[in-house]
Amino acid sequence: TTRPRLVPAAAANRTNAVRQLPHAPHEDMWNHIKAGYQMPHYANNRQVRKFIRDYGKKPERLQRIANRATDYLHIVVNELKRRRMPTELALLPFVESAYVNTAHSHAGASGMWQFIPSTGRLYGLKQNRGFDGRMDALESTRAALDYLQKLHRQFKGDWFLALAAYNAGEGRVSRAIRYNRARGRKTDYWSIRLPRETREYVPRLLAYKQIISRPQAFGFRLPRTPNTSKLVEIHVNKPVNLRKAAAHAGLPSDTLTSLNPNFLKGVTTPRVSKRILLPRNQAGRLAHVIHQLPAERPVS
């Protein structure tokens with residue numbers, strides 16, 4: 001393989017072209033989120049208040065999620081802004097996965113954005129025994145925002161209905177709208193009949209929105225998150241054992257597997273994806289080690 005080239009990790013498009021995102025280190029990403037709010041607040045809604053109280057009782061959990069989010073906010077927020085989407089959506093992984101890339105649900109959803117297998121494949125997230133694109137931070141972000149934009153168009157610009165469909169499926173939401181319309185009832189998110197999880201989905205997001213707006217009131221601090229990528233990517237044309245690479249670089253063995261859980265066996269699968277994410281502050285050393293390592297036996 002040729003020597004890997006370091007590039008900033010950015011939310012990739014369908015052709016995996018690498019794009020340089022704007023860098024403004026003095027601008028904190030949490031401020032970008034707050035400045036880009038577009039959805040109604042509903043701060044006095046009974047359900048929203050309930051989740052504000054519930055989440056506010058666990059400041060340690062809020063701190064852990066905020067800390068995990070810092071690796072990915074540069075990617076997510078800049079992509080939302082590029083697409084002119086509400087920046088509240090950067091808080092959706094708070095609801096879906098607590099910003100855990102390896103999160104799995106009882107329904108078979110995986111990754112930061114909790115795609116089920118069929119929807120993941122529909123939006124270009126490849127899956128096989130050695131690879132699961134739903135746990136690729138860049139590709140899953142691209143796919144999630146593609147899907148949310150599609151739902152936003154389908155539900156005529158209503159973000160709450162789009163979010164309900166993201167959670168419950170567009171068919172379920174469309175049937176609920178038709179049911180109410182046939183009976184002369186309102187067809188907004190708050191009026192249609194939805195499963196309990198979906199009825200609570202938007203209030204959970206709006207609760208996090210209120211909490212992030214004033215974290216001190218809930219006993220935690222938003223970690224400083226400059227508008228610079230914490231991750232870089234390299235493209236490598238050989239199978240690489242990620243644990244070996246980290247160990248040879250003198251780093252904890254899970255340094256690379258934690259950032260690249262999409263390689264299910266801990267070995268890259270270049271036939272499916274050549275991209276490896278590296279922590280920026282260790283990227284030069286890791287790239288050199290990866291270049292020097294012999295190719296692993298390919299994952300079947």
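Nothing fancy with the numbering, it's 1 onward along the sequence. Values reported hereafter were calculated over all heavy atoms of this structure, with side chains retained and with hydrogens, waters and symmetry mates removed.
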Original post:
Should the heavy atoms of other residues, nucleotides or ligands under 6.0 Å from NZ of K150 be counted, would the total exceed 12?
Top reply: yes

Original post:
Any donor and acceptor pair, going by atom type alone, linking the side chain of Q127 with main-chain N or O of P117 inside 3.5 Å?
Top reply: yes

Subject >> Exam field: side chain R280 to backbone V232, donor-acceptor pair closer than 3.5 Å >> reply: no

Original post:
Considering residues, nucleotides and ligands other than R221, do more than 12 of their heavy atoms fall under 6.0 Å from its CZ?
Top reply: no

**OP:** Just jot down the side chain to side chain donor-acceptor pair (under 3.5 Å) partners of Q63, sequence neighbours excluded, or say none.
**Re:** N67

Original post:
Taking 4.0 angstrom as the limit, do R142 and D146 come out as a salt bridge?
Top reply: yes

Original post:
Going by atom types alone, do R199 and Y189 pair a side-chain donor with an acceptor below 3.5 Å?
Top reply: no

Original post:
Counting N and O atoms only, with roles assigned by atom type, does the side chain of T268 sit under 3.5 Å from a partner on the main chain of P270, one being a donor and the other an acceptor?
Top reply: no

Original post:
Just checking, any donor-acceptor pair under 3.5 angstrom between side chains of H74 and S229?
Top reply: no

**OP:** Report the C-alpha separation of R196 and E200 in whole Å, then their side-chain angles, then the decisive distance to 0.1 Å, and conclude whether the salt bridge (charged side-chain N to carboxylate O under 4.0 Å, His left out) test is met.
**Re:** CA-CA 6 Å; R196 177 179 175 180; E200 294 179 348; 3.0 Å; yes

Original post:
Roughly how far, to the nearest 0.5 Å, is the OH atom of Y201 from the OG1 atom of T198?
Top reply: 9.0 Å

Subject >> From I33 atom CD1 to E88 atom CD, the distance as rounded to the nearest 0.5 Å >> reply: 9.5 Å

**OP:** Walk me through it: do V240 and K238 pass the test side-chain contact (heavy atoms from CB on, under 4.5 Å)?
**Re:** CA-CA 6 Å; V240 175; K238 64 182 179 183; 4.0 Å; yes

Subject >> Side chain R285, main chain A249, donor-acceptor under 3.5 Å >> reply: yes

**OP:** Take the angle between the ring planes of Y42 and W190 and call it parallel below 30°, perpendicular above 60°, tilted in between.
**Re:** tilted

Subject >> Shortest non-hydrogen contact from A165 toward Y147 >> reply: O-OH, 4.1 Å

Subject >> Verdict with supporting geometry, F155 and I177, side-chain contact (heavy atoms from CB on, under 4.5 Å) >> reply: CA-CA 10 Å; F155 291 98; I177 290 172; 3.8 Å; yes

Original post:
What closest approach, in Å, do P226 and D28 show between heavy atoms, and which atom pair accounts for it?
Top reply: N-OD1, 4.2 Å

**OP:** Report yes if some heavy atom in the side chain of P279 is under 4.5 Å from a heavy atom in the side chain of L259; otherwise report no.
**Re:** yes

Original post:
Do E233 and H235 have a side chain donor and acceptor closer than 3.5 Å?
Top reply: yes

Subject >> Closest heavy-atom pair and its distance - F220, A66 >> reply: CE1-CB, 4.3 Å

Subject >> Nearest heavy-atom neighbours spanning N78 and M29 >> reply: ND2-CE, 3.8 Å

Original post:
For Y179 and R183, which heavy atoms make the closest approach, and how far apart are they?
Top reply: O-NH1, 3.0 Å

**OP:** Answer yes if the side chains of E96 and Y166 hold a donor-acceptor pair under 3.5 Å, and no otherwise.
**Re:** no

Subject >> M85 and W159, any side-chain heavy atoms less than 4.5 Å apart >> reply: yes

Original post:
Any side-chain donor-acceptor pair under 3.5 Å between E139 and Y123?
Top reply: no

Subject >> Pairing of R49 and D54 as salt bridge, 4.0 angstrom limit >> reply: no

Original post:
Is there a path of hydrophobic side-chain contacts, each under 4.5 Å between heavy atoms of I, L, V, M, F, W or Y residues, that connects Y55 with I65?
Top reply: yes

Original post:
Is Y37 reachable from I211 through a run of hydrophobic residues whose side-chain heavy atoms are each under 4.5 Å from the next?
Top reply: yes

Original post:
Is the backbone N or O of T187 less than 3.5 Å from a side-chain atom of S191, with the two atoms forming a donor-acceptor pair by type?
Top reply: no

**OP:** Kindly compute the distance separating CZ (R185) from CD1 (I192), expressed to the nearest 0.5 Å.
**Re:** 12.5 Å

Original post:
side-chain contact (heavy atoms from CB on, under 4.5 Å) between L145 and L80: does it pass, once the steps are laid out?
Top reply: CA-CA 8 Å; L145 301 192; L80 286 169; 3.7 Å; yes

Original post:
If Ile, Leu, Val, Met, Phe, Trp and Tyr residues are connected whenever their side-chain heavy atoms lie under 4.5 Å apart, and connections chain through other members, are L138 and L264 in the same group?
Top reply: no

Original post:
Q154 versus L161: any side-chain heavy-atom pair under 4.5 Å?
Top reply: no

**OP:** Determine yes or no for a side-chain-to-main-chain donor-acceptor pair under 3.5 angstrom, with H104 supplying the side chain and S110 the backbone.
**Re:** no

**OP:** Show your working on salt bridge (charged side-chain N to carboxylate O under 4.0 Å, His left out) between E296 and K244 and close with a plain yes or no.
**Re:** CA-CA 10 Å; E296 284 286 317; K244 282 185 185 177; 2.9 Å; yes

Original post:
What distance separates H248 NE2 from I290 CD1, expressed to the nearest 0.5 Å?
Top reply: 11.5 Å

Subject >> Side-chain heavy atoms of V289 within contact of L286, under 4.5 Å >> reply: no

Original post:
Quick one: does Q282's side chain get under 4.5 Å of T255's, heavy atoms only?
Top reply: no

Subject >> Any donor-acceptor N/O pair, N45 side chain to V48 backbone, under 3.5 Å >> reply: yes

Subject >> With sequence neighbours excluded, residues passing side chain to side chain donor-acceptor pair (under 3.5 Å) with N180 >> reply: none

Original post:
Should the pair K186-D188 be classified as a salt bridge under the 4.0 Å nitrogen-to-oxygen rule?
Top reply: no

Original post:
Is there side-chain contact between M39 and L89, with at least one heavy-atom pair below 4.5 Å?
Top reply: yes

Subject >> ILVMFWY cluster, L62 and M112 together (side-chain gap under 4.5 Å) >> reply: yes

**OP:** Measure from NZ or CZ of R214 to the centre of the six-membered ring of F218 and say whether it is under 6.0 Å with the direction within 45° of the ring axis.
**Re:** no

Original post:
Are the side chain of N260 and the backbone of I276 linked by a donor-acceptor contact shorter than 3.5 Å?
Top reply: no

**OP:** Determine, step by step, whether L194 and N167 satisfy the side-chain contact (heavy atoms from CB on, under 4.5 Å) criterion, reporting the C-alpha distance in whole Å, the side-chain angles of both residues, the deciding distance to 0.1 Å, and the verdict.
**Re:** CA-CA 10 Å; L194 295 167; N167 177 256; over 6 Å; no

Original post:
Are any of the side-chain heavy atoms of L91 and V95 separated by less than 4.5 Å?
Top reply: no

Original post:
About how many Å separate CG of L92 and CD of Q114, when rounded to the nearest 0.5 Å?
Top reply: 10.5 Å

Original post:
Would you say the side-chain atoms of R83 and Q149 include a donor-acceptor pair closer than 3.5 Å?
Top reply: yes

Original post:
P215 and L222: which non-hydrogen atoms are nearest, and at how many Å?
Top reply: CG-CG, 3.8 Å

**OP:** Report yes or no: do V100 and Y208 belong to one cluster of Ile/Leu/Val/Met/Phe/Trp/Tyr joined by side chain heavy-atom distances under 4.5 Å?
**Re:** no

Subject >> Side chains of I75 and L231 in contact at under 4.5 Å (non-hydrogen atoms) >> reply: yes

Original post:
Can you tell me how far the OG atom of S213 sits from the CH2 atom of W30, to the nearest 0.5 Å?
Top reply: 11.0 Å

Original post:
In terms of side-chain geometry, is the basic nitrogen of D136 or K126 positioned less than 4.0 Å from the acidic oxygen of its partner?
Top reply: no

Original post:
Does a donor on one side chain and an acceptor on the other come within less than 3.5 Å for W113 and S97?
Top reply: no

